[in-house]
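The sequence lines fix the lettering, A, B, ..., with proteins before strands; numbering per chain opens at 1.
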Number of protein chains: 2
Amino acid sequence: MKYELILKNISRFINLNQEEQDLYISLFTEKKIKKKDFLLRQGEIARHDYFITKGCLKVYNIDTKGSEHISMFAVKDWWSGDMASFITQQPANYFIQALEESEVLQISKENFDLLFERIPKFERFYRILYQRSLVTYIQRSDQNISFSAEDRYLNFIKKYPSLLNRISQKNIAAYLGVTPEFLSLLRKKMASM
Amino acid sequence: MKYELILKNISRFINLNQEEQDLYISLFTEKKIKKKDFLLRQGEIARHDYFITKGCLKVYNIDTKGSEHISMFAVKDWWSGDMASFITQQPANYFIQALEESEVLQISKENFDLLFERIPKFERFYRILYQRSLVTYIQRSDQNISFSAEDRYLNFIKKYPSLLNRISQKNIAAYLGVTPEFLSLLRKKMASM
DNA sequence: AGAGAAAAATAATGTACATTAAGAAATTAC
DNA sequence: GTAATTTCTTAATGTACATTATTTTTCTCT
């Protein structure tokens, strides 16, 4: 069944009875996205938060010089969205674009707010989810500043082993924060060792 | 009264009655730290989480090459700690050291767990607190990879205006991820414009 | 207040990565 | 299935920042 994956994801941190499960699922709608289509663009308001059930998307922004920086890749069983924009309902800083034909479950801001009213247990779920994400992002923010491109590439491979041969080097470079030219050079150098 | 600050901090997101306030405060103990003393060292288990009521501390790690990288400065009215170690009770990656004579309120892991049992509202408090921190760290992790040292310096001044003349350039450099020599050069260059 | 230690400034040289440009290989589109 | 686009590779040159070393300034301790 379609909602198994999201219910299993939730059950990592909280238990829901049947009634709660039904209510929870009723707050989501399904959405299919074709390759290269956008869930969100910089400047729009993020009306939804997303749970990925199939495919792969990238969350990125374009800086003042026009370069693209990928903040995360969202794959099956991951949550994604522009949290700042979703929470504050201010214009988004990020684009979310499908790298493959993908499927997501989306929840609107209204339903997200409703969720906490109806099933307060979800405060706990998100407390723990955010706590874990925080640990990851604190680490990543430290690593981005102190690790070489080669170290970050090795980390990328560890973190997203399934993506290495699934997405373009151009996108990997944009995630690492280097030019595609330099990544190409790096890989050549690493292969020769 | 000593606990006004922390109660006011909490009240940003949840309301506590008198009884809850008393219980909450009973879970903390006060601690004074002399300049240069440590609340935590890399390799130790983080037994406490901290709320700063006075002074200034730095949270940093030492990488494999021996360089120091400052992850955050903790000042009055901020929360601090090594979250990964505190939650998992595994060895810490971070040092927490006082840059000035400081005072904190500390809560133990046991009391932190107890808090959620006794006053479930705190799930909500931390859900919102972590949500906000996440937005900050996602931004910072993106900026660390795409911004120049000069941009990051300007951001530092915006984020910590009170610290600019309070802490050494050496520490600012370790926060920015550059050498003190380069920061000195940067400042000279920026002053002459 | 004065000695010693730590921080900051300056400068020379080195390195990781960017930029630009051009050709080769792989994808996409009709 | 071939043209058109996009991606990848390679190479030359440029730049932001690191490293090392020396001197000057500021802070710390008793």
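D/dT28 atom P lies 15 Å from atom NZ of B/K34, rounded to whole Å. Rounding to whole angstrom units, CG of residue A/N171 and P of C/dT27 are separated by 14 Å. Atom CG in B/L176 sits about 17 Å away from atom P in D/dA16, given to the nearest Å. Between B/K170 atom NZ and D/dT19 atom P there is a gap of 15 Å when expressed in whole angstrom units. The distance from atom CG of A/L183 to atom P of D/dT7 is 14 Å, rounded to the nearest whole Å. Atom-to-atom, CZ of A/F147 to C1' of C/dC17 comes out at 18 Å; the value is rounded to the nearest Å. The CG atom of B/L99 sits 11 Å away from the P atom of C/dA7 (whole-angstrom rounding). Computed from coordinates, the A/R187 CZ to C/dC17 P distance equals 16 Å when rounded to whole Å.
The nucleotide whose nearest atom lies closest to any side-chain atom of B/K188 is, among C/dT10, C/dA18, D/dT10, C/dT10. Relative to the side chain of B/V178, the nucleotides D/dA18, C/dC17, D/dT10 differ in distance, and D/dA18 lies closest. When the nucleotides C/dT10, D/dA18, C/dA18 are ranked by their closest atom to the side chain of B/E181, C/dT10 comes out on top.
In terms of position on DNA chain D, the residue among A/S184 and B/A149 whose nearest nucleotide sits closer to the 5' end is A/S184. Both B/L185 and A/F182 sit near DNA chain C, but only B/L185 has its closest nucleotide nearer the 5' end.
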Given side chain to side chain donor-acceptor pair (under 3.5 Å), test A/Q18 with A/D22 step by step and report yes or no.
CA-CA 6 Å; A/Q18 190 60 51; A/D22 295 345; 3.1 Å; yes

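In summary, the aromatic rings of A/W78 and A/Y160 are positioned with their centroids under 6.0 Å apart.
Using a distance-only test at 3.5 Å, with no hydrogens or angles considered, a donor-acceptor pair links the side chain of B/S85 to the main chain of B/Q90. Here the side chain of A/R152 pairs a donor or acceptor atom with the backbone of A/L176 at under 3.5 angstrom.
B/K35 comes within 4.0 angstrom of the backbone, heavy atoms only, and of no base.
Of the side-chain N and O atoms in A/T179, one or more sit less than 4.0 angstrom from OP1 or OP2 of C/dA18. A sub-4.0 Å separation between OP1 or OP2 of C/dA9 and a side-chain N or O of B/Q169 is present.
Residues B/Q42 and B/I62 have side chains in contact (heavy-atom distance under 4.5 Å, counting atoms from C-beta outward).
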